[in-house]
Amino acid sequence: MSKLDSFEMIRPPKPTDSAAIKEIEERVGRHFPDAYKAFLLKYNNTKWQSLIYKDAKGKEQEVKSFFSINDPVKSCDLMENYITDTEAGNNLVNHLPIASSSFGDIVSVSLNDDDYGSVWLRDDNLSFGNRGNMEAYSKVAGSFSAFIEMLYVDS
């Protein structure tokens, strides 16, 4: 059982399949970490109550929603967010936006060889249109699995 199974869902999963993941990997030009692919296969399109984690500075951050493959809400669609952020110059190179907060901050997973699979937070106020502003980015977890283990609900 995944830790995510213990959190209250407000929209049940609409699992995707390996072919849909592979299609997006091909469009992005990088393979996704296995743990993230497993997440999409099981939890694609799931919405939970707001999930909380602590960033590198110990500040509580929120995950409002994880982006999904073929999400009916465009702002929550994985590929739509990748394209939009890439065109706006908001993504770090070879980073895949995977989730958002209520305030527009973005959680991404690195697809770079040197820190493959690590999870990062982008402060939208500091980064918009300024990919080079590294102060806007902070590493949250060494892997997607470690990031999931950091999540909890506000009691």
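What you are looking at is a predicted structure, and each value in this text was computed from that prediction instead of being measured. Because only heavy atoms are used, hydrogens play no part in the values below, and waters and symmetry mates are left out as well, while side chains stay in.
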Identify the two heavy atoms, one from [X] and one from [Y], that lie closest to each other, and give their separation to 0.1 Å.
X      : Y      : result
Phe67  : Ser75  : CE2-O, 3.6 Å
Lys139 : Gly142 : CE-CA, 4.1 Å
Ile83  : Arg27  : CD1-NH2, 3.6 Å

Would you confirm whether Thr84, through its side chain, and Asn81, through its main-chain N or O, come within 3.5 Å as a donor-acceptor pair?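 Absent.
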
Can you check whether Ile10's main-chain N or O pairs, donor with acceptor, with Lys47's side chain at less than 3.5 Å?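 Such a contact is absent between Lys47 side chain and Ile10 backbone.
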
Applying ring pair (Phe, Tyr, Trp, His ring centres under 6.0 Å), which residue pairs with at least one partner in residues 15-34 are found, sequence neighbours left out?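 Only Phe32-Tyr36 qualify under ring pair (Phe, Tyr, Trp, His ring centres under 6.0 Å).
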
Without hydrogens or angle criteria, can the side chains of Trp48 and Thr46 be said to hold a donor-acceptor pair below 3.5 Å?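 No, no side-chain donor-acceptor contact under 3.5 Å.
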
Side chains of Ser138 and Asp55 only: does a donor on one sit below 3.5 Å from an acceptor on the other?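 Side chains of Ser138 and Asp55: no pair found under 3.5 Å.
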
Please give the remaining members of the hydrophobic cluster of Tyr152, linking ILVMFWY side chains under 4.5 Å, ordered by chain and number.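 So far as hydrophobic clustering goes, Tyr152 is joined with Ile52.
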
Just wondering, are more than 12 heavy atoms of other shown residues or ligands nearer than 6.0 Å to CZ in Arg11?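 Buried by this count: over 12 neighbours within 6.0 Å.
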
Does NZ belonging to Lys54 count more than 12 external heavy atoms closer than 6.0 Å?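 Atom NZ in Lys54 is not packed in, count stays at 12 or less.
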
Calculate, to the nearest 0.5 Å, the distance between atoms [atom1] and [atom2] belonging to [X] and [Y] respectively.
X      : Y      : atom1 : atom2 : result
Ser108 : Tyr82  : OG    : OH    : 11.5 Å
Ile21  : Leu41  : CD1   : CG    : 4.0 Å
Ile106 : Ile98  : CD1   : CD1   : 10.0 Å
Asn94  : Asn112 : CG    : CG    : 4.5 Å
Leu51  : Ser65  : CG    : OG    : 10.0 Å
Leu96  : Ile24  : CG    : CD1   : 8.5 Å

Go through the structure and list residues passing side-chain contact (heavy atoms from CB on, under 4.5 Å) with [X], not counting sequence neighbours.
X      : answer
Lys14  : Asn45
Lys64  : Glu62, Ser102
Ser143 : Ser145, Ala146
Asp77  : Asp71, Met79, Glu80

Could you check if a side-chain atom of Tyr53 sits within less than 4.5 angstrom of a side-chain atom of Val119, using non-hydrogen atoms only?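 Of all side-chain heavy-atom pairs linking Val119 with Tyr53, none is under 4.5 Å.
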
Do the side chains of Phe147 and Val109 get nearer than 4.5 Å, heavy atoms only?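 Val109 does not reach Phe147 side chain to side chain.
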
Test ring-ring contact (aromatic ring centres under 6.0 Å, His included) applied to Phe66 and Tyr43, step by step: CA-CA 9 Å; Phe66 282 94; Tyr43 297 109; 8.9 Å; no

Quick check: is Val153 connected to Phe39 through a chain of hydrophobic side chains (ILVMFWY, heavy atoms under 4.5 Å apart)?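 Result: yes, single cluster for both.
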
Consider only side-chain heavy atoms of I, L, V, M, F, W and Y, link residues closer than 4.5 Å, and tell whether Phe103 and Val63 are in one cluster.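 No: no chain of side-chain contacts under 4.5 Å links Phe103 to Val63.
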
Kindly determine whether Val140 and Trp120 satisfy side chain to side chain contact (heavy atoms under 4.5 Å, CB included), including the steps that lead there. CA-CA 5 Å; Val140 174; Trp120 293 71; 5.7 Å; no

Is the shortest side-chain N to carboxylate O distance from Asp85 to Arg122 below 4.0 Å?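 Salt bridge flag = yes for Arg122 with Asp85.
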
Asn44 vs Leu78, test: side chain to side chain contact (heavy atoms under 4.5 Å, CB included). Steps then yes/no. CA-CA 10 Å; Asn44 188 63; Leu78 181 66; over 6 Å; no

Listed partners of Asp105 passing side chain to side chain donor-acceptor pair (under 3.5 Å), at least two apart: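 For Asp105 there are no side chain to side chain donor-acceptor pair (under 3.5 Å) partners, ignoring immediate neighbours.
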
I'd like to check the salt bridge (Lys or Arg N to Asp or Glu O under 4.0 Å) partners of Glu25; sequence neighbours left out, ordered by chain and number.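 Salt bridge (Lys or Arg N to Asp or Glu O under 4.0 Å) check on Glu25 returns Lys37.
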
